[in-house]
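This report concerns only the one structure given below.
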Amino acid sequence: MSGTLSQLPILPFTEMASSISQIHQAHAHLLKTGVFPNNTFVSNKLISFAVSNPDPITLSYAHSVFTHITDPNSFSYNSLIRAYANSRTPENALFLFRQMLEGGPVLPDKYSFTFALKACAGFCGVEEGMQIHGLALKLGIGFDIFVANTLIHVYGKSGHFGFARSLLDRIADRDVVSWNALLSAYIETGFIRLARGLFDEMDERNVESWNFMISGYLSSGLLEEAKSVFDSMPLKDVVSWNAIITGYAHASRFDEVLELFEDMQREEVRPDTCTLVNVLSACAHLGALGQGEWIHGYIDKNGIDTNGFIATALVDMYSKCGNIDKAVNVFRNASKKDISTWNSIIVGLGMHGYGETALETFSEMLMEGFEPNEVTFIAVLTACSRSRFLNEGRKMFKLMVDDYGIEPAIEHYGCMVDLLGQVGLLEEALELVETRQLKEAHVLWESLLSACKNHGNVKMAEYVARKLLELNPQDSAGYVQLSNTYAALKRWDDVLNVRKKMKALKVNKEPGCSMIEVNGVVHEFLAGEGMILE
DNA sequence: GACAAACCTG
């Protein structure tokens, strides 16, 4: 809906509002015409907006609307309770619920109970849930199907399976939602075997029940079981497909992601943005430019908006598949960018060696008012390191810590070690690595070792290799790099010594693995590192 | 005038 108030009567305009500014417009209009705050029915619509948009700003606005309504009814209360229940601070819903109980102008009804209980489920407030349960029983609505189903959810989520189950068994007209409430609780709390038992016992299942089982198996890392549930489903919806596709993506089985996507097309299930993002991500991992372009075409053809996730996934796909120009093009034409979209293009530019453009894009991002996060600085520092921008890199590192208060992580140090190593400041790089007591420090040592090799600094290389081997005697990286260092200097005796040592310790060099798309087919190949030993 | 439940991806 466009932001013009004049095209529609005020009530439908308010009901259809898709942004807070449209609600403000409606509010102003209602105020001018005297409908707000006297007409409760219409004024309530201003509150209802917060139910599906429960961000803090909208919520406090809705609350202020609520306090101004001349004669609030149960709908006014219930909408606001429901909005809070959907928010990130669901416990606030209970203040209003209590107001109703303590003789506010209206008494709570079964809707108030349902929403208040939903809030309890939201913050796992089982104590509060029990109290509300007691009150509901007193008022004779304890077995209302909505109230009871939400109670099962409250008890289940907090691990009170006994309560949840006995309630389930005492609901005369229990339905599939009642079963699913307990099923989803088992799955959320990681009891996949209990979930399976219940699933087999259920006298009624819907597509959601099956989807719960898929996601349950996936979060327990049981991909094959998830797939077998998926295969035996009587009816799959887009969520089922997304769930299984996500499962294969998490397992890095990207070729199967693409196969599943094709199956999905064959069964004529329309992909949504979640599907497309996952599939684009698989293309990015596989370097499958052709498939990625096909999906881009699909997005354009179907008028799917390239904002947020979709834009980022496209930028990432193009840049990882080697087409930085198209990545930039998508980025520039994105209808809406978020921080990840910016991060993604800066990473791409940096990786492709466009350090200067990467830094310019970073400045542009700051000017547009985006707050950089830790990923942004990984991107920026990577760009500096690739392009050997020593001073810029130092400046950015300082900016990150001093101005944005971001604690440098291993990735940031890694970029700095790379950068210092690239420009030959090995002593400074060494100092950086030695003064940090970091987990995963071996990544930094490895990076430093490769810098030593590139600059032919054997003395430091030996020292670093020893450090690396102290950290993990079974890791081949240190040996390989050290032997390559000797080899580059034609010190063959030393190369052989390293080789003997590796053999004695039974360390094997694992070959790297890489993939490339040729004529629309993804090929996988193993890559040695040009290790002279072999 | 409405309510409970799924995938959450870059």
Side-chain angles (χ1 to χ4, degrees), chain A residues 11 15 40-42 44-45 47-48 51-52 73-79 81-83 85-86 109-119 121-122 141 144-154 156-157 171 174-185 187-188 205-216 218-219 226 230 236-247 249-250 257 271-285 306-320 330 334 337-345 347-348 375:
Chain A
L11 195 57
E15 279 171 345
T40 308
F41 183 91
V42 177
N44 284 343
K45 300 292 176 200
I47 302 177
S48 303
V51 170
S52 41
N73 59 14
S74 69
F75 209 99
S76 322
Y77 275 91
N78 293 346
S79 298
I81 292 175
R82 192 177 169 203
N86 289 342
D109 56 18
K110 60 180 182 168
Y111 293 98
S112 330
F113 275 84
T114 304
F115 301 144
L117 285 168
K118 187 187 165 117
I141 52 172
D144 172 86
I145 189 77
F146 287 95
V147 171
N149 286 350
T150 315
L151 272 165
I152 293 177
H153 196 221
V154 172
K157 259 195 90 165
I171 304 172
R174 68 182 177 192
D175 59 11
V176 66
V177 179
S178 327
W179 287 101
N180 284 351
L182 184 55
L183 185 71
S184 66
I187 282 165
E188 270 177 54
R205 300 179 191 126
N206 58 11
V207 66
E208 280 80 15
S209 325
W210 290 86
N211 289 345
F212 276 128
M213 287 309 296
I214 296 176
S215 72
L218 289 177
S219 48
F230 176 79
K236 304 172 178 75
D237 65 5
V238 63
V239 175
S240 328
W241 286 96
N242 287 349
I244 199 71
I245 284 176
T246 306
H250 282 160
V257 168
D272 63 7
T273 57
C274 182
T275 326
L276 297 170
V277 168
N278 267 305
V279 176
L280 282 169
S281 158
C283 293
H285 279 99
T306 50
N307 62 20
F309 270 101
I310 284 276
T312 309
L314 279 170
V315 168
D316 191 51
M317 183 277 292
Y318 277 123
S319 95
K320 293 223 170 90
V330 170
K337 305 175 181 85
D338 64 20
I339 183 69
S340 296
T341 320
W342 287 93
N343 291 347
S344 176
I345 193 66
V347 169
V375 181

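In the text below, chain A, chain B and the rest are named by the order of the sequence lines, each starting its count at 1.
Comparing B/dG10, B/dA6, B/dA4 by their closest approach to the side chain of A/Thr150 singles out B/dA4. Of the candidates B/dT9, B/dG1, B/dA5, the closest approach to any side-chain atom of A/Asn206 belongs to B/dA5. For A/Val177, taking side-chain heavy atoms from C-beta onward, the closest of the listed nucleotides B/dC3, B/dA5, B/dA2 is B/dA5.
Between the A/His285 side chain and the A/Ser281 main chain, a donor and an acceptor come within less than 3.5 Å of each other. Side chain of A/Ser344 to backbone of A/Ser340: no donor-acceptor contact under 3.5 angstrom is found. In this structure, A/Asn149 contributes its side chain and A/Ile152 its backbone to no donor-acceptor pair below 3.5 Å.
Side chain to side chain, A/Asn278 and A/Asn242 fail the donor-acceptor criterion of an N or O pair below 3.5 Å.
Using a 4.0 Å heavy-atom cutoff across all strands shown, A/Ser209 reaches no nucleic acid atom at all. Looking at heavy-atom distances under 4.0 Å, A/Phe146 makes contact with a base. Counting any heavy atom pair closer than 4.0 Å across all strands shown, A/Ser344 reaches no nucleic acid atom. Within the nucleic acid shown, A/Ser240 has no heavy atom closer than 4.0 Å to any nucleic acid atom. Base contact: A/Asn44 has a heavy atom under 4.0 Å from a base atom. Residue-level contact check: A/Phe41 touches the bases, meaning some heavy atom is under 4.0 Å from a base atom. A/Asp144 comes within 4.0 angstrom of no nucleic acid atom, judged by non-hydrogen atoms across all strands.
Side-chain nitrogen and oxygen atoms of A/Ser281 include at least one within less than 4.0 Å of the OP1 or OP2 phosphate oxygen of B/dG10. An OP1 or OP2 oxygen of B/dA2 is reached within less than 4.0 angstrom by no side-chain nitrogen or oxygen of A/Lys110. Applying the 4.0 Å criterion to OP1 and OP2 of B/dA6, one finds that A/Ser215 has every side-chain N and O outside that range.
The distance between atom CD1 of A/Ile47 and atom C1' of B/dC3, rounded to the nearest whole Å, is 17 Å. The CG-P distance, from A/Asp237 to B/dA5, rounds to 17 Å in whole Å. Put simply, CD1 on A/Ile187 is 12 Å from P on B/dC8, counting in whole angstrom units. Spacing between atom CZ of A/Arg82 and atom P of B/dC3 amounts to 5 Å, rounded to whole angstrom units. Summarising the geometry, the separation between CH2 on A/Trp241 and P on B/dC8 is reported as 17 Å, rounded to the nearest angstrom.
Side-chain N/O atoms of A/Asn73 and base N/O atoms of B/dG1 include a donor-acceptor pair closer than 3.5 Å. Contact annotation: side chain of A/Asp338 to base of B/dG10, donor-acceptor pair present below 3.5 Å.
Ring-to-base geometry places A/Phe75 in a stacked arrangement with B/dG1 (centre distance under 5.5 Å, plane angle under 30°). In this structure, A/Tyr111 does not pack face-to-face on the six-membered ring of B/dC3, missing the 5.5 Å centre cutoff or the 30° plane limit.
Between A/Trp210 and A/Phe230, the distance separating the two ring centers is not shorter than 6.0 angstrom.
In this structure, OG1 in A/Thr246 is found 10.5 Å from CD1 in A/Ile214, a value given to the nearest 0.5 Å.
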